[in-house]
Undergrad: 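Right, I'll just put the structure down here and ask away after.
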Amino acid sequence: MESNIAMAIKVKYGLVHVPSQRKCRSWIREVAVHRGAGLPPEHAGWQAARRVFPYEARQLHDPAASAVTEILTLAEDSGDDPPRRQ
């Protein structure tokens, strides 16, 4: 997993620490679950962040933060997309 994905998640949710690869993958999987339930990308990302980073995640409106769809695109481009459900 590329460090720019971890940094994008860190900035997006105001995390104190740069998340590990495992935590980034967990966030990506959680976003996929919430998107599958019909939530819009930003809301799905926030719900995933609250679950994966419960003590750190803050809902910020930082203009420098990447959109959830941009972070997911970075993950797909690096080969870290969530498993497809059939």
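As a basis for the values below, the full set of heavy atoms in this structure was taken, side chains included, without hydrogen atoms, waters or symmetry mates.
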Undergrad: For residues 7-19, which side-chain donor-acceptor pairs fall under 3.5 Å, sequence neighbours excluded?
TA:
| residue | atom | partner | partner atom | Å |
| --- | --- | --- | --- | --- |
| Lys10 | NZ | Leu15 | O | 3.3 |
| Lys12 | NZ | Glu42 | OE1 | 2.5 |
| Lys12 | NZ | Ser66 | O | 3.2 |
| Tyr13 | OH | Gly45 | O | 3.2 |

Undergrad: Is there a path of hydrophobic side-chain contacts, each under 4.5 Å between heavy atoms of I, L, V, M, F, W or Y residues, that connects Leu74 with Val68?
TA: yes
Undergrad: Filter on salt bridge (charged side-chain N to carboxylate O under 4.0 Å, His left out), then keep only pairs touching residues 44-66, sequence neighbours left out; what's left?
TA: Glu30-Arg51
Undergrad: At what distance, to the nearest 0.5 angstrom, does CD1 of Ile5 lie from CD1 of Ile28?
TA: 5.5 Å
Undergrad: Taking all heavy atoms of Ile71 and all of Trp27, pick out the closest pair and write down the distance.
TA: CG2-CZ3, 3.6 Å
Undergrad: Suppose we screen for side chain to side chain contact (heavy atoms under 4.5 Å, CB included). Which residues come up paired with Pro40, at least two apart in sequence or across chains?
TA: His43
Undergrad: Go through it in stages, so that I can follow the logic: the residues are Arg35 and Leu72, the test is side-chain contact (heavy atoms from CB on, under 4.5 Å), and I'd like the CA-CA distance, side-chain angles, deciding distance and then a yes or no.
TA: CA-CA 12 Å; Arg35 295 279 314 272; Leu72 294 174; 4.2 Å; yes
Undergrad: How would you list all residue pairs meeting salt bridge (charged side-chain N to carboxylate O under 4.0 Å, His left out) that involve residues 63-74, not counting sequence neighbours?
TA: none
Undergrad: What pairs with Thr73 under side-chain hydrogen bond (donor to acceptor under 3.5 Å, both in side chains), at least two apart in sequence or on another chain?
TA: none
Undergrad: Flag the pair Trp46 / Leu39 as yes when at least one side-chain heavy-atom distance between them is below 4.5 Å, and no otherwise.
TA: no
Undergrad: Suppose the criterion is salt bridge (charged side-chain N to carboxylate O under 4.0 Å, His left out): which pairs have a residue in residues 13-24, not counting sequence neighbours?
TA: none
